[in-house]
Asker: 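Provided herewith is a single structure, encoded as structure tokens, for subsequent inquiry.
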Amino acid sequence: MRTLAVLLIAVVLAARPVVAQEQQAAQAGFASGGFGAPVLKFSQMVDQFATFAGVRGGWVANHRFVVGGGVYALVNTIDTPDLVEPISKFIYAGLELEYIGVYTSPVHYSFLVFAGAGRRWRTDEPDPDHDEVWIIEPALNLELAPATFLRVGVGAGYRFVGRVTSGDTTNGDLSAAFGALTLKLGSF
């Protein structure tokens with residue numbers, strides 16, 4: 001118990017300079033920036049491993065708030081005996097809102113919420129059977145800032161998918177937890 005108390009006091013004392021820096025930066029006035037970022041997401045669909053590649057970008061206001069968007073696409077094919085045909089394409093895009101905490105620290109966190117729409121194809125034919133779905137993804141990220149123009153992030157979240165109409169899949173088959181790797185380049 002004593003070790004826990006000492007550890008807690010050490011964390012509080014270490015955080016004080018970071019909080020003071022944030023207060024000084026907030027008093028300095030409004031700051032604006034932006035970034036672009038390639039993203040990899042690892043998840044599941046229909047109980048199979050799924051990898052999504054994408055890009056995101058955003059406008060950064062006062063080093064803390066991000067308004068932007070992202071586009072993501074399934075890069076592998078999902079095929080199980082339960083599916084009438086494999087899922088060969090799944091693409092979604094939408095609005096992203098992010099809050100960055102302790103931004104003056106070289107290691108900081110962020111809360112990200114994606115809200116958008118997508119389409120799932122079952123074949124590559126000219127008039128493929130598809131689902132038009134909505135997607136919401138809340139996520140928590142941890143970012144490392146090795147340079148003023150670079151942020152390397154790892155994160156975890158959950159993909160909620162709704163409005164699936166295909167007979168062989170449900171909203172739950174396409175919804176799942178995910179892990180993400182992000183490389184942000186820009187002005188923060």
Asker: Once rounded to the nearest 0.5 Å, what's the spacing between atom CG of L40 and atom CZ of F52?
Answerer: 12.0 Å
Asker: Any heavy-atom pair between the side chains of F65 and Y99 that's under 4.5 Å?
Answerer: yes
Asker: So which heavy atom on V71 is nearest to which on A93, and how close?
Answerer: CG2-CB, 3.8 Å
Asker: Do T182 and V152 come within less than 4.5 Å of each other through their side chains, counting heavy atoms only?
Answerer: no
Asker: If you compare all heavy atoms of K41 against all heavy atoms of A180, which two are closest, and at what distance to 0.1 Å?
Answerer: CG-CB, 4.1 Å
Asker: Would you name the heavy atoms of W59 and S32 that are closest together and state the gap between them?
Answerer: NE1-OG, 2.6 Å
Asker: Counting C-beta onward and ignoring hydrogens, is there a side-chain heavy-atom pair between F111 and L140 closer than 4.5 Å?
Answerer: yes
Asker: For residues F188 and I100, determine if any side-chain heavy atom of one lies less than 4.5 Å from a side-chain heavy atom of the other.
Answerer: no
Asker: Just say parallel, tilted or perpendicular for the rings of F114 and Y92, cut-offs at 30° and 60°.
Answerer: perpendicular
Asker: Shortest non-hydrogen contact from V66 to G58?
Answerer: CG1-CA, 4.0 Å
Asker: Nearest heavy-atom pair of N171 and V164: which atoms, and what distance?
Answerer: OD1-N, 2.9 Å
Asker: For a 4.5 angstrom cut-off between non-hydrogen side-chain atoms, does H108 reach H63?
Answerer: no
Asker: Please tell me whether E137 and Y72 have a donor and an acceptor in their side chains that are separated by less than 3.5 angstrom.
Answerer: no
Asker: In Å, rounded to the nearest 0.5 Å, how long is the span from OG of S43 to CD of Q48?
Answerer: 12.0 Å
Asker: Would you call N141 and E98 a side-chain contact if the rule is heavy atoms closer than 4.5 Å?
Answerer: yes
Asker: Looking at E143 and S110, what are the two nearest heavy atoms and their distance?
Answerer: OE2-OG, 4.4 Å
Asker: So, applying side chain to side chain contact (heavy atoms under 4.5 Å, CB included) with F90, which one of T77, D131, V75, I135 is it?
Answerer: I135
